[in-house]
Amino acid sequence: MNFDFSDDQKQLRDQARKFLTEKCPPKAVRVVLDGKAPYDKEPYDKELWKGLAEMGFLGVAIPEEFGGAGAGHLELCVIAEEMGRANAPVPFSSTVYLAAEALLIAGSDAQKKKWLPAIAAGEAIGTLALFEGKGNPSPKNVKLTAANGVLNGVKKPVPDAAIADFAVVAARTGASGRDSDISLFLVDLKAGGVEVKSLTNLDPTRGQAEITFRDAKAEPLGAAGEGWSILTQVLDRAAVLCAFEQVGGADRALEMGRDYALDRIAFGRQIGSFQAVKHMLADMYVSATLARSNSYYGAWALSTNAAELPEAAAAARISATQAFQHCAKNNIQVHGGMGFTWEFDCHMYYRRANAMALGLGSLTYWEDQLIERMRKKNAA
């Protein structure tokens, strides 16, 4: 079985890397990170977002009938990896991995026609409102209620909510204590009854916000009582896609550390010639390579809708999270004291690595998911 990408997919990767290298260099990321005008109110690169749409990257996995390229999830994995390498300051994951995937899984034809073409064209930003404070994904943690077509409650943190046009919201519609108490809804965040407040977070280039719903009008997404089943599918898909983004970030952090180790001279030698630095870079390479292997397996399972997707998604999520955090931290160590300064780019990847580690639930949550899913599979 060949888990490598095809020549066409590799060509797409080269095209995406060339585009992002030109349009999203570190200095462009820094402008958003610094929060200076016009990014003080809308913390993302609008021109880059527009360019991604024009290149067809936003709609690469969206069917042609809904305005997308109709390529597939393997192509989206390729794009995700390059987004991670570039540390792109755009709402790509919240819109493409979460909102668009929820629509593709459970949206009605009318809902898809309304939102998917807008996403592909870069005219709409979406997000998933799941969390309500501390805690991992769980039906028990959903307190926001839905009744008579309106929502009441608070969601936080919600990725990119301050700039989003709509949200897929998890709400409680029953009191039986079962997973079927949760349903999903589509909410126009620009409509009445919705208040959005930005939150301070580790990586300002991927904003987080609090959304308060007060009798906010909501449209059902999927059948009533099937919300948690749909969410599980969305999170598994997003876990694989985020894993590729994390692999891209890990590889870039490794490259940064390697290049600095070859350029920096200390005691008359390249610091890369010292045993301790060699070991550090070797460990980074091993973790990044292991994460890539697991992510490729996840990509295969996602693209074929294989029965192994739940375990493959969890494995990819775990290894990619560990690799990105490990490589981002050790990149700073290789750079020494300079690596801790604002002037060097190391901290941008360290911020992103730790922010992404919590975005879909903690590392411990996904480890528990992997164990439980493997246990059930073996029992069957």
Side-chain angles (χ1 to χ4, degrees), residues 3-6 9-26 28-29 52 57 73-90 92-93 97 203 205-206 238-263 272 277-300 302 315-335 339 344-357 359 363:
F3 283 109
D4 199 7
F5 290 108
S6 68
Q9 289 158 353
K10 290 177 181 178
Q11 186 176 6
L12 175 64
R13 178 178 60 196
D14 293 341
Q15 183 183 29
R17 185 171 301 186
K18 181 180 179 181
F19 173 80
L20 288 166
T21 298
E22 179 183 348
K23 301 296 182 179
C24 187
V29 180
L52 291 169
F57 297 157
H73 284 100
L74 285 180
E75 287 75 12
L76 183 53
C77 287
V78 168
I79 300 300
E81 183 178 344
E82 296 309 313
M83 296 294 289
R85 282 183 60 88
N87 209 38
V90 289
F92 193 81
S93 58
Y97 309 161
D203 182 9
T205 64
R206 290 281 179 90
V240 174
L241 296 168
C242 282
F244 271 90
E245 197 167 316
Q246 290 168 306
V247 165
D251 275 357
R252 183 62 193 127
L254 170 59
E255 291 172 6
M256 291 167 65
R258 177 204 63 195
D259 293 346
Y260 186 79
L262 293 175
D263 290 341
V277 177
K278 286 181 179 180
H279 285 174
M280 199 177 300
L281 292 169
D283 287 344
M284 293 165 69
Y285 177 79
V286 169
S287 64
T289 302
L290 178 61
R292 181 176 294 280
S293 176
N294 279 288
S295 297
Y296 274 39
Y297 181 46
W300 166 79
L302 173 60
R317 171 66 177 171
I318 293 165
S319 59
T321 297
Q322 292 173 332
F324 195 9
Q325 288 187 303
H326 177 69
C327 291
K329 180 181 73 173
N330 278 11
N331 180 37
I332 294 176
Q333 294 294 329
V334 170
H335 279 74
F344 274 62
D345 296 332
C346 304
H347 65 92
M348 295 193 296
Y349 287 87
Y350 185 75
R351 290 170 184 270
R352 181 63 60 84
N354 286 284
M356 289 193 72
L363 183 61

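Along the sequence shown, the residues carry numbers beginning at 1. Predicted model, so just to flag it, every value in this text is computed and none were measured.
Note on residues 241-259: pairs passing side-chain hydrogen bond (donor to acceptor under 3.5 Å, both in side chains), not counting sequence neighbours, are R85-E255, Y97-E245, R206-E245, Q246-T321, D251-R292, R252-E255.
For the atom pair CZ of F324 and OH of Y349, the computed distance is 7.5 Å after rounding to the nearest 0.5 Å. Atoms NZ and CG, on K329 and N354 in that order, are 10.0 Å from each other to the nearest 0.5 Å. Distance check, rounded to the nearest 0.5 Å: CE of M348 to CG of D203 gives 10.0 Å. Taken to the nearest 0.5 Å, the CG atom of N294 stands 9.5 Å off from the CD atom of Q322. Rounded to the nearest 0.5 Å, atoms SG (C242) and CE (M356) are 4.0 Å apart.
Annotation for Y350: atom OH does not count as buried by contact number, only 12 or fewer foreign heavy atoms lying within 6.0 Å. Remark: F344 CZ is packed, more than 12 non-hydrogen atoms of other residues, nucleotides or ligands lying under 6.0 Å away.
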Inset, instruction - Could you go through the side chain to side chain contact (heavy atoms under 4.5 Å, CB included) check for D4 and Y296 one step at a time? - result: CA-CA 8 Å; D4 199 7; Y296 274 39; 4.0 Å; yes

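Minimum heavy-atom separation, A353 to A328: CB-CB, 3.9 Å. Closest approach of G257 to V334, counting heavy atoms only: O-CG1, 3.4 Å. A pairwise comparison of heavy atoms in A320 and S295 identifies CB-OG, 4.3 Å as the closest pair. Counting all heavy atoms, side chain and backbone alike, I332 lies closest to C346 at CG1-CB, 3.6 Å. In this structure, L254 and M284 approach most closely via the heavy-atom pair CA-CE, 3.6 Å. When all heavy atoms of L281 and A261 are compared, the closest pair comes out as CD1-CB, 4.0 Å.
A donor-acceptor contact closer than 3.5 angstrom links the side chains of H335 and N331.
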Determine all donor-acceptor pairs shorter than 3.5 Å in which one atom belongs to a side chain in residues 11-22; sequence neighbours excluded.
unit_1 : atom_1 : unit_2 : atom_2 : d
R17    : NE     : E82    : OE1    : 2.9
R17    : NH2    : E82    : OE2    : 3.0
T21    : OG1    : R17    : O      : 2.6

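Within the 4.5 Å cutoff, no side-chain heavy atoms of R351 are placed close to those of N87. Within the 4.5 Å cutoff, the side chain of M83 has no heavy atoms near those of the F57 side chain. Between L302 and L241 the shortest side-chain heavy-atom distance falls below 4.5 Å.
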